[in-house]
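Step one of this worksheet: look at the structure below.
Quantities reported herein were computed from a predicted structural model and do not represent experimental measurements.
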Amino acid sequence: MQKFRAAVIAVTLAAMFFIPMTVMGVYSEDITDEPIYEEPAVLPEKEKTEPEEPAEPAENTQEETFRIFDMETEEITEVAFSDYVKGAIASEMGADFEFEALVAQGIAAFSCGIYQKEARTGADYDISAAPDKKLGYMTAEKAKEVYGSAFEEKWAIISAAAEKAMEYVLTYNGEPALAVYHAFSCGKTENSENVWSGALPYLISVESPGDKLYKDFESTVTLPKAEVLELLNKNGAALNGKYPEEWFKGAELTEAGYVHRIKIGAATFSGEKLRSLFGLRSSSFDVKYKNGEFIFTVRGYGHGVGLSQIGANYMAKNGADFKEILAHYYPGTELIEYSELYGE
């Protein structure tokens with residue numbers, strides 16, 4: 001397995017990588033005012049060290065906690081596994097998604113959290129989130145504000161999905177998998193190395209046909225020439241403003257259909273960089289120039305790696321269970337019971 005070489009990134013709400021998720025919004029069925037959150041960029045794989053004396057196994061997952069860094073308050077809170085998984089399901093999908101999709105989301109969040117907890121033992125925290133904005137995770141108290149009189153009904157569904165999810169850990173070669181996820185793809189998910197700094201064998205491109213059927217599959221961003229020119233030149237393009245219809249020609253696409261890189265003027269931009277610069281939902285986009293404006297037509301929402309939340313819901317609606325969903329979006333992984341992996 002190729003090691004990730006990028007340093008661990010302390011993610012903040014101001015980070016450009018997250019701008020499309022925090023200002024545009026993809027909405028779940030019952031939480032209609034906040035975007036679906038994306039997991040942080042891929043963490044480096046855990047370095048192999050000399051074996052240590054085995055720790056005493058936890059009596060149950062309720063006694064284990066994640067250290068959550070609140071990106072707004074910059075405080076770190078110890079959150080019980082069960083509370084985190086419920087909060088992740090609530091903020092990522094909401095109670096109106098299909099139950100099997102909710103369980104798949106819960107397992108992905110739980111497994112990704114455990115991966116990060118084990119990878120960041122020497123760090124101050126395990127996971128970044130903004131609970132008050134329902135980004136990545138939210139508390140039960142926040143859910144009460146969101147659901148109002150429907151809280152008990154909605155929270156019961158979420159809690160049932162979380163309870164089922166916590167019976168399992170998604171693994172690769174017997175270790176927790178970095179089960180990242182996104183809102184929905186451009187019709188195919190993306191290879192991790194095309195977004196971040198390394199490849200994992202289970203974060204590879206797969207078909208996600210349900211995404212193309214989603215009502216918000218395409219989005220449009222229109223920007224004036226002057227703004228586009230300014231942003232490109234601030235990032236080294238050195239354009240003189242002439243022939244704007246030629247600026248975005250010659251993009252190199254990935255196999256999945258995302259913009260991998262493109263040379264504009266004197267600079268070469270990645271698709272993710274352009275996504276960030278122009279506030280696009282994803283790096284799968286086309287550009288047209290007309291009447292002094294650039295029109296970006298964008299497909300999908302998010303980095304495109306791992307589980308598609310809309311795609312998972314589509315699979316569940318068509319009879320797939322959580323095991324089939326996870327096997328599809330994380331090829332080569334194995335679901336192992338938590339108790340088998342960590343003891344009772």
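- For F99, there are no ring pair (Phe, Tyr, Trp, His ring centres under 6.0 Å) partners two or more places apart in sequence or in a different chain.
- By the neighbour-count criterion of 12 heavy atoms within 6.0 Å, atom CD of E163 is sparsely surrounded, having that number or fewer from other residues, nucleotides or ligands.
- The shortest non-hydrogen separation linking F248 to I262 is O-CD1, 3.2 Å.
- Two residues are said to be in side-chain contact when any heavy atoms from C-beta on lie closer than 4.5 Å; S82 and M166 meet this criterion.
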- Message: Pair L307, L326 - check side chain to side chain contact (heavy atoms under 4.5 Å, CB included), show working.
- Response: CA-CA 7 Å; L307 179 139; L326 294 171; 4.2 Å; yes
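- Partners of K117 under the salt bridge (Lys or Arg N to Asp or Glu O under 4.0 Å) rule, at least two apart in sequence or in another chain, do not exist in this structure.
- Under the 4.5 Å side-chain criterion, counting only non-hydrogen atoms from C-beta, I204 is in contact with P331.
- F217 pairs by the ring pair (Phe, Tyr, Trp, His ring centres under 6.0 Å) definition with nothing, not counting sequence neighbours.
- Remark: the S185 side chain and the D211 side chain contain an N/O donor-acceptor pair separated by less than 3.5 Å.
- Remark: E246 CD is packed, more than 12 non-hydrogen atoms of other residues, nucleotides or ligands lying under 6.0 Å away.
- Side-chain atoms of S205 and E255 include no donor-acceptor pair closer than 3.5 Å.
- Annotation: the span from K134 atom NZ to T139 atom OG1 amounts to 11.0 Å, rounded to 0.5 Å.
- The only option from F322, Y338, F110 that meets the ring pair (Phe, Tyr, Trp, His ring centres under 6.0 Å) definition with Y168 turns out to be F322.
- Both cation-pi conditions hold for R120 and Y125: the charged atom is under 6.0 angstrom from the six-membered ring centre and inside a 45 degree cone around its axis.
- Using a 4.5 Å cut-off between side-chain heavy atoms of Ile, Leu, Val, Met, Phe, Trp and Tyr, with links allowed through other members, V85 and Y147 fall into the same hydrophobic cluster.
- In summary, E167 and K164 engage in a salt bridge, as defined by a charged side-chain N under 4.0 Å from a carboxylate O.
- Judged by distance alone, the side chain of Y137 and the main-chain N or O of I89 form no donor-acceptor pair under 3.5 Å.
- Here E272 pairs with R275 in a salt bridge; the nearest charged N to carboxylate O distance falls below 4.0 Å.
- Ion pair D124/R67 not flagged as a salt bridge, since none of the NZ, NE, NH1 or NH2 atoms sits closer than 4.0 Å to an Asp/Glu carboxylate oxygen.
- The number of heavy atoms from other shown groups lying within 6.0 Å of NZ (K263) is above 12.
- The residue from F296, F294, W247 that alone fulfils the ring pair (Phe, Tyr, Trp, His ring centres under 6.0 Å) condition with Y289 is F294.
- Between R261 and E252, at least one side-chain N (NZ, or NE/NH1/NH2) sits under 4.0 Å from a carboxylate O, which counts as a salt bridge.
- Taking 4.0 Å as the cut-off between side-chain N and carboxylate O, D286 and R299 count as a salt-bridged pair.
- Residue-environment remark: NZ (K212) stays at or below the threshold of 12 foreign heavy atoms within 6.0 Å.
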